[in-house]
Protein chains: 2
Amino acid sequence: MKEKCERVNPEQTKTLMQKVPDSENITRMSAVFQALQSDTRLKILFLLRQKEMCVCELEQALEVTQSAVSHGLRTLRQLDLVRVRREGKFTVYYIADEHVRTLIETCLEHVEEKS
Amino acid sequence: MKEKCERVNPEQTKTLMQKVPDSENITRMSAVFQALQSDTRLKILFLLRQKEMCVCELEQALEVTQSAVSHGLRTLRQLDLVRVRREGKFTVYYIADEHVRTLIETCLEHVEEKS
DNA sequence: TTAATATATGAACAGATGTTCATACGTTCA
DNA sequence: TGAACGTATGAACATCTGTTCATATATTAA
(Lines give C-alpha, C1' and ligand atoms only; values in the text may rest on other atoms or scores of the structure.)
Protein backbone atom coordinates (compact mmCIF):
# COMPACT_ATOMS: atom_id res chain seq x y z
CA MET A 1 0.00 0.00 0.00
CA LYS A 2 1.12 3.48 -0.83
CA GLU A 3 1.33 6.22 1.77
CA LYS A 4 -1.51 8.69 1.69
CA CYS A 5 -0.75 12.31 0.90
CA GLU A 6 -1.76 14.93 3.42
CA ARG A 7 -4.85 15.94 1.47
CA VAL A 8 -6.34 12.46 1.57
CA ASN A 9 -9.16 11.92 4.02
CA PRO A 10 -10.02 8.19 3.89
CA GLU A 11 -13.50 8.65 5.29
CA GLN A 12 -14.41 11.40 2.86
CA THR A 13 -12.92 9.37 0.02
CA LYS A 14 -15.24 6.54 0.91
CA THR A 15 -18.27 8.82 0.90
CA LEU A 16 -17.28 10.30 -2.45
CA MET A 17 -16.85 6.86 -4.01
CA GLN A 18 -20.30 5.85 -2.85
CA LYS A 19 -21.73 8.58 -5.04
CA VAL A 20 -19.92 7.30 -8.12
CA PRO A 21 -22.24 5.03 -10.16
CA ASP A 22 -21.65 1.33 -9.59
CA SER A 23 -19.39 -0.67 -11.89
CA GLU A 24 -22.24 -2.01 -13.93
CA ASN A 25 -23.53 1.45 -14.84
CA ILE A 26 -20.05 2.84 -15.38
CA THR A 27 -19.40 0.03 -17.85
CA ARG A 28 -22.69 0.74 -19.61
CA MET A 29 -21.82 4.40 -19.85
CA SER A 30 -18.42 3.52 -21.29
CA ALA A 31 -20.17 1.47 -23.92
CA VAL A 32 -22.48 4.35 -24.82
CA PHE A 33 -19.64 6.85 -25.14
CA GLN A 34 -17.67 4.24 -27.04
CA ALA A 35 -20.51 4.03 -29.54
CA LEU A 36 -20.50 7.81 -29.90
CA GLN A 37 -16.75 7.86 -30.54
CA SER A 38 -16.82 7.24 -34.27
CA ASP A 39 -17.08 9.72 -37.10
CA THR A 40 -19.42 7.46 -39.05
CA ARG A 41 -21.77 6.78 -36.16
CA LEU A 42 -21.87 10.44 -35.16
CA LYS A 43 -22.77 11.44 -38.69
CA ILE A 44 -25.50 8.81 -38.70
CA LEU A 45 -26.98 10.34 -35.57
CA PHE A 46 -26.80 13.88 -36.93
CA LEU A 47 -28.65 12.67 -40.01
CA LEU A 48 -31.28 10.75 -38.06
CA ARG A 49 -31.75 13.78 -35.86
CA GLN A 50 -33.29 15.50 -38.85
CA LYS A 51 -35.30 12.66 -40.34
CA GLU A 52 -35.70 8.93 -39.92
CA MET A 53 -33.90 7.07 -42.67
CA CYS A 54 -33.37 3.60 -44.11
CA VAL A 55 -29.95 2.01 -44.49
CA CYS A 56 -29.52 2.81 -48.16
CA GLU A 57 -30.33 6.48 -47.63
CA LEU A 58 -27.62 6.67 -44.98
CA GLU A 59 -25.26 4.79 -47.24
CA GLN A 60 -25.76 7.34 -50.01
CA ALA A 61 -25.44 10.32 -47.70
CA LEU A 62 -22.30 9.14 -45.95
CA GLU A 63 -20.47 7.61 -48.89
CA VAL A 64 -19.31 4.55 -47.02
CA THR A 65 -20.12 0.91 -47.70
CA GLN A 66 -23.47 -0.56 -46.81
CA SER A 67 -21.66 -2.94 -44.50
CA ALA A 68 -20.09 -0.13 -42.53
CA VAL A 69 -23.43 1.63 -42.10
CA SER A 70 -25.11 -1.56 -41.02
CA HIS A 71 -22.41 -2.41 -38.49
CA GLY A 72 -22.57 1.11 -37.15
CA LEU A 73 -26.33 0.93 -36.80
CA ARG A 74 -26.09 -2.34 -34.95
CA THR A 75 -23.78 -0.79 -32.39
CA LEU A 76 -26.13 2.14 -31.90
CA ARG A 77 -29.16 -0.13 -31.75
CA GLN A 78 -27.65 -2.43 -29.14
CA LEU A 79 -27.23 0.52 -26.80
CA ASP A 80 -30.70 1.82 -27.55
CA LEU A 81 -29.37 5.00 -29.13
CA VAL A 82 -31.39 4.35 -32.27
CA ARG A 83 -34.47 2.19 -32.85
CA VAL A 84 -35.82 0.37 -35.87
CA ARG A 85 -39.09 0.01 -37.66
CA ARG A 86 -39.78 -2.29 -40.56
CA GLU A 87 -41.45 -0.65 -43.55
CA GLY A 88 -41.94 -3.07 -46.39
CA LYS A 89 -38.55 -4.03 -47.66
CA PHE A 90 -36.93 -1.11 -45.88
CA THR A 91 -35.59 -0.93 -42.35
CA VAL A 92 -36.15 2.55 -41.02
CA TYR A 93 -33.95 3.85 -38.23
CA TYR A 94 -34.67 6.75 -35.90
CA ILE A 95 -33.19 8.42 -32.81
CA ALA A 96 -34.26 6.54 -29.69
CA ASP A 97 -34.98 9.40 -27.30
CA GLU A 98 -34.14 12.88 -26.05
CA HIS A 99 -31.04 11.68 -24.20
CA VAL A 100 -29.36 11.00 -27.49
CA ARG A 101 -30.17 14.45 -28.82
CA THR A 102 -28.91 16.04 -25.62
CA LEU A 103 -25.65 14.10 -25.75
CA ILE A 104 -24.70 15.01 -29.29
CA GLU A 105 -25.91 18.60 -29.00
CA THR A 106 -24.10 19.24 -25.74
CA CYS A 107 -20.91 17.80 -27.15
CA LEU A 108 -21.22 19.88 -30.28
CA GLU A 109 -21.65 23.03 -28.18
CA HIS A 110 -18.56 22.10 -26.24
CA VAL A 111 -16.33 21.69 -29.28
CA GLU A 112 -17.80 24.70 -31.09
CA GLU A 113 -16.82 26.94 -28.22
CA LYS A 114 -13.19 26.09 -28.90
CA SER A 115 -13.11 26.83 -32.62
CA MET B 1 -21.29 3.79 -58.10
CA LYS B 2 -24.13 1.94 -56.53
CA GLU B 3 -27.71 2.32 -57.72
CA LYS B 4 -29.87 4.48 -55.48
CA CYS B 5 -32.82 2.88 -53.76
CA GLU B 6 -36.26 4.31 -54.37
CA ARG B 7 -36.31 6.18 -51.06
CA VAL B 8 -33.19 8.18 -51.88
CA ASN B 9 -33.73 11.77 -52.91
CA PRO B 10 -30.31 13.14 -53.88
CA GLU B 11 -31.28 16.76 -53.38
CA GLN B 12 -32.72 16.18 -49.95
CA THR B 13 -29.70 14.10 -49.02
CA LYS B 14 -27.47 17.02 -49.88
CA THR B 15 -29.53 19.36 -47.70
CA LEU B 16 -29.44 16.92 -44.80
CA MET B 17 -25.67 16.52 -45.03
CA GLN B 18 -25.21 20.28 -44.92
CA LYS B 19 -26.73 20.25 -41.45
CA VAL B 20 -24.28 17.64 -40.19
CA PRO B 21 -21.35 19.34 -38.42
CA ASP B 22 -18.24 19.67 -40.57
CA SER B 23 -15.46 17.08 -40.45
CA GLU B 24 -13.36 19.08 -38.06
CA ASN B 25 -16.09 19.31 -35.45
CA ILE B 26 -17.14 15.71 -35.94
CA THR B 27 -13.56 14.66 -35.29
CA ARG B 28 -13.41 16.82 -32.17
CA MET B 29 -16.64 15.30 -30.94
CA SER B 30 -15.25 11.82 -31.55
CA ALA B 31 -12.26 12.74 -29.44
CA VAL B 32 -14.46 13.98 -26.60
CA PHE B 33 -16.62 10.86 -26.58
CA GLN B 34 -13.47 8.78 -26.88
CA ALA B 35 -12.18 10.42 -23.71
CA LEU B 36 -15.44 9.59 -21.95
CA GLN B 37 -15.23 5.97 -23.03
CA SER B 38 -13.09 4.67 -20.19
CA ASP B 39 -14.13 3.39 -16.80
CA THR B 40 -11.25 5.11 -15.08
CA ARG B 41 -11.83 8.49 -16.70
CA LEU B 42 -15.57 8.33 -16.05
CA LYS B 43 -14.96 7.60 -12.40
CA ILE B 44 -12.55 10.53 -12.24
CA LEU B 45 -15.26 12.82 -13.58
CA PHE B 46 -17.89 11.51 -11.16
CA LEU B 47 -15.45 12.19 -8.34
CA LEU B 48 -14.52 15.67 -9.55
CA ARG B 49 -18.20 16.43 -9.97
CA GLN B 50 -18.47 16.33 -6.20
CA LYS B 51 -15.25 18.10 -5.23
CA GLU B 52 -12.04 19.26 -6.84
CA MET B 53 -9.20 16.87 -6.09
CA CYS B 54 -5.46 16.44 -6.49
CA VAL B 55 -3.88 13.47 -8.25
CA CYS B 56 -3.07 11.51 -5.11
CA GLU B 57 -6.61 11.82 -3.80
CA LEU B 58 -7.92 10.37 -7.05
CA GLU B 59 -5.29 7.67 -6.94
CA GLN B 60 -6.42 6.61 -3.46
CA ALA B 61 -10.09 6.70 -4.33
CA LEU B 62 -9.81 4.74 -7.56
CA GLU B 63 -7.20 2.21 -6.53
CA VAL B 64 -5.22 2.43 -9.74
CA THR B 65 -1.62 3.51 -10.23
CA GLN B 66 -0.62 7.17 -10.09
CA SER B 67 0.51 6.85 -13.68
CA ALA B 68 -2.88 5.71 -14.88
CA VAL B 69 -4.64 8.58 -13.12
CA SER B 70 -2.19 11.08 -14.53
CA HIS B 71 -2.51 9.76 -18.08
CA GLY B 72 -6.29 9.81 -17.74
CA LEU B 73 -6.23 13.39 -16.50
CA ARG B 74 -4.05 14.47 -19.37
CA THR B 75 -6.57 13.10 -21.85
CA LEU B 76 -9.41 14.91 -20.10
CA ARG B 77 -7.38 18.10 -19.83
CA GLN B 78 -6.43 18.16 -23.49
CA LEU B 79 -10.11 18.18 -24.44
CA ASP B 80 -10.92 20.80 -21.83
CA LEU B 81 -13.14 18.43 -19.88
CA VAL B 82 -11.20 19.14 -16.70
CA ARG B 83 -8.96 22.07 -15.75
CA VAL B 84 -6.02 22.43 -13.42
CA ARG B 85 -4.91 24.75 -10.68
CA ARG B 86 -1.58 24.63 -8.91
CA GLU B 87 -1.80 24.70 -5.14
CA GLY B 88 1.62 24.49 -3.54
CA LYS B 89 3.00 21.09 -4.32
CA PHE B 90 -0.41 19.80 -5.33
CA THR B 91 -2.09 19.93 -8.72
CA VAL B 92 -5.80 20.34 -8.22
CA TYR B 93 -8.19 19.20 -10.93
CA TYR B 94 -11.79 20.26 -11.40
CA ILE B 95 -14.63 19.85 -13.92
CA ALA B 96 -14.26 22.36 -16.76
CA ASP B 97 -17.86 23.43 -17.27
CA GLU B 98 -21.54 22.56 -17.31
CA HIS B 99 -21.29 20.69 -20.61
CA VAL B 100 -19.27 18.00 -18.90
CA ARG B 101 -21.81 17.61 -16.13
CA THR B 102 -24.63 17.45 -18.66
CA LEU B 103 -22.85 14.79 -20.70
CA ILE B 104 -22.19 12.39 -17.86
CA GLU B 105 -25.53 12.98 -16.18
CA THR B 106 -27.51 12.49 -19.38
CA CYS B 107 -25.64 9.31 -20.15
CA LEU B 108 -26.20 8.02 -16.62
CA GLU B 109 -29.93 8.66 -16.94
CA HIS B 110 -29.94 6.78 -20.21
CA VAL B 111 -28.30 3.66 -18.83
CA GLU B 112 -30.23 3.76 -15.57
CA GLU B 113 -33.50 3.60 -17.46
CA LYS B 114 -32.45 0.21 -18.77
CA SER B 115 -31.56 -1.46 -15.47
C1' DT C 1 -40.75 -19.91 -58.11
C1' DT C 2 -37.17 -16.87 -59.41
C1' DA C 3 -34.76 -12.51 -59.75
C1' DA C 4 -33.85 -8.27 -57.70
C1' DT C 5 -33.41 -5.40 -53.92
C1' DA C 6 -32.50 -4.28 -48.95
C1' DT C 7 -30.16 -5.49 -44.93
C1' DA C 8 -27.28 -8.26 -41.66
C1' DT C 9 -23.28 -10.64 -40.18
C1' DG C 10 -18.75 -13.29 -39.68
C1' DA C 11 -13.85 -13.16 -40.62
C1' DA C 12 -9.73 -10.75 -40.94
C1' DC C 13 -6.56 -7.11 -41.01
C1' DA C 14 -4.41 -2.66 -39.93
C1' DG C 15 -4.53 0.80 -36.71
C1' DA C 16 -5.67 2.70 -32.16
C1' DT C 17 -6.03 2.32 -26.95
C1' DG C 18 -5.20 1.76 -21.67
C1' DT C 19 -2.33 0.09 -18.48
C1' DT C 20 2.08 -0.50 -16.15
C1' DC C 21 7.02 0.25 -15.58
C1' DA C 22 10.69 3.17 -15.33
C1' DT C 23 12.14 7.54 -14.98
C1' DA C 24 12.15 12.59 -15.12
C1' DC C 25 10.51 16.98 -13.48
C1' DG C 26 8.88 20.44 -10.05
C1' DT C 27 7.92 22.08 -5.41
C1' DT C 28 8.58 22.29 -0.46
C1' DC C 29 10.97 22.19 3.71
C1' DA C 30 14.72 21.00 6.70
C1' DT D 1 21.51 22.15 -0.89
C1' DG D 2 19.40 17.90 -0.82
C1' DA D 3 15.85 14.72 0.43
C1' DA D 4 11.07 13.78 0.14
C1' DC D 5 6.91 14.21 -1.98
C1' DG D 6 3.65 15.02 -5.85
C1' DT D 7 3.07 14.78 -10.67
C1' DA D 8 4.12 13.96 -15.68
C1' DT D 9 5.59 11.32 -19.52
C1' DG D 10 7.79 7.93 -22.90
C1' DA D 11 8.04 3.13 -24.13
C1' DA D 12 6.06 -1.23 -24.65
C1' DC D 13 2.72 -4.61 -24.49
C1' DA D 14 -1.65 -6.96 -24.95
C1' DT D 15 -6.17 -5.87 -26.18
C1' DC D 16 -9.72 -3.73 -28.66
C1' DT D 17 -11.87 -1.24 -32.77
C1' DG D 18 -13.67 0.01 -37.54
C1' DT D 19 -13.50 -1.06 -41.99
C1' DT D 20 -13.96 -4.04 -46.02
C1' DC D 21 -14.87 -8.41 -48.30
C1' DA D 22 -17.65 -12.19 -48.89
C1' DT D 23 -21.76 -14.14 -48.03
C1' DA D 24 -26.29 -15.00 -45.90
C1' DT D 25 -31.05 -13.65 -44.99
C1' DA D 26 -35.48 -11.33 -45.83
C1' DT D 27 -38.89 -9.00 -48.56
C1' DT D 28 -41.02 -7.76 -52.89
C1' DA D 29 -42.40 -8.16 -57.56
C1' DA D 30 -42.68 -10.69 -61.75
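Chain identifiers are assigned alphabetically (A, B, ...) following the order of the sequence lines, protein sequences preceding nucleic acid strands; residue numbering begins at 1 within each chain.
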Using salt bridge (Lys or Arg N to Asp or Glu O under 4.0 Å) as the criterion, list what pairs up with A:E11, not counting sequence neighbours. none
Can you check whether B:R83 reaches B:R85 side chain to side chain, under 4.5 Å on heavy atoms? no
Could you state the atom-to-atom distance from CD of B:E59 to C1' of C:dT19 in whole Å? 14 Å
Is there a donor-acceptor contact under 3.5 Å from the side chain of B:Q50 to the main chain of A:L16? yes
Under 3.5 Å, which N/O atoms of the protein pair with N/O atoms of nucleotides 9-13 of chain D?
unit_1	atom_1	unit_2	atom_2	d
D:dT9	O4	B:S67	OG	2.8
D:dG10	O6	B:H71	NE2	2.9

How many Å lie between CG on B:L76 and P on D:dA8, as a whole number? 12 Å
For A:E105, enumerate each residue passing the side chain to side chain donor-acceptor pair (under 3.5 Å) test, keeping only those at least two apart in sequence or located in another chain. A:R49
Would you kindly give the CZ-to-C1' distance between A:F90 and D:dT27, to the nearest whole Å? 10 Å
CZ of B:R7 versus P of D:dT27: gap in Å, rounded? 17 Å
Phosphate-side-chain proximity, B:Y93 and D:dG6, N/O vs OP1/OP2 below 4.0 Å: no
Take atom CG of B:L73 and atom P of C:dT19, then tell me their distance rounded to the nearest Å. 12 Å
Passing option when A:V92 is tested against A:R86, A:M53, A:E87 for side chain to side chain contact (heavy atoms under 4.5 Å, CB included): A:E87
How would you list all residue pairs meeting ring pair (Phe, Tyr, Trp, His ring centres under 6.0 Å) that involve residues 77-115 of chain A, not counting sequence neighbours? A:H99-B:H110, A:H110-B:H99
Taking the side chain from A:E57 and the backbone from A:C54, do they hold a donor-acceptor pair closer than 3.5 Å? yes
Please answer: with hydrophobic residues joined when any side-chain heavy atoms are less than 4.5 Å apart, are A:V8 and B:V64 in the same cluster? no
How long is the straight-line distance from CG of A:L73 back to CD of A:E59, given to the nearest 0.5 Å? 11.0 Å
Main chain of A:A35, side chain of A:R41: is a donor-acceptor contact present, judged purely on distance under 3.5 Å? yes
Assign each of B:T65 and B:E6 the nucleotide of DNA chain C bearing its closest heavy atom; nearer the 5' end lies the nucleotide of B:E6
Proximity to DNA chain D (any heavy atom under 4.0 Å), residues of residues 23-48 of chain B only: none
Counting only N and O atoms by type, is there a donor-acceptor contact under 3.5 Å from the side chain of A:S70 to the main-chain atoms of A:Q66? no
Strictly under 3.5 Å: I want the nitrogen or oxygen pairs between protein and nucleotides 27-30 of chain C, one per line.
none

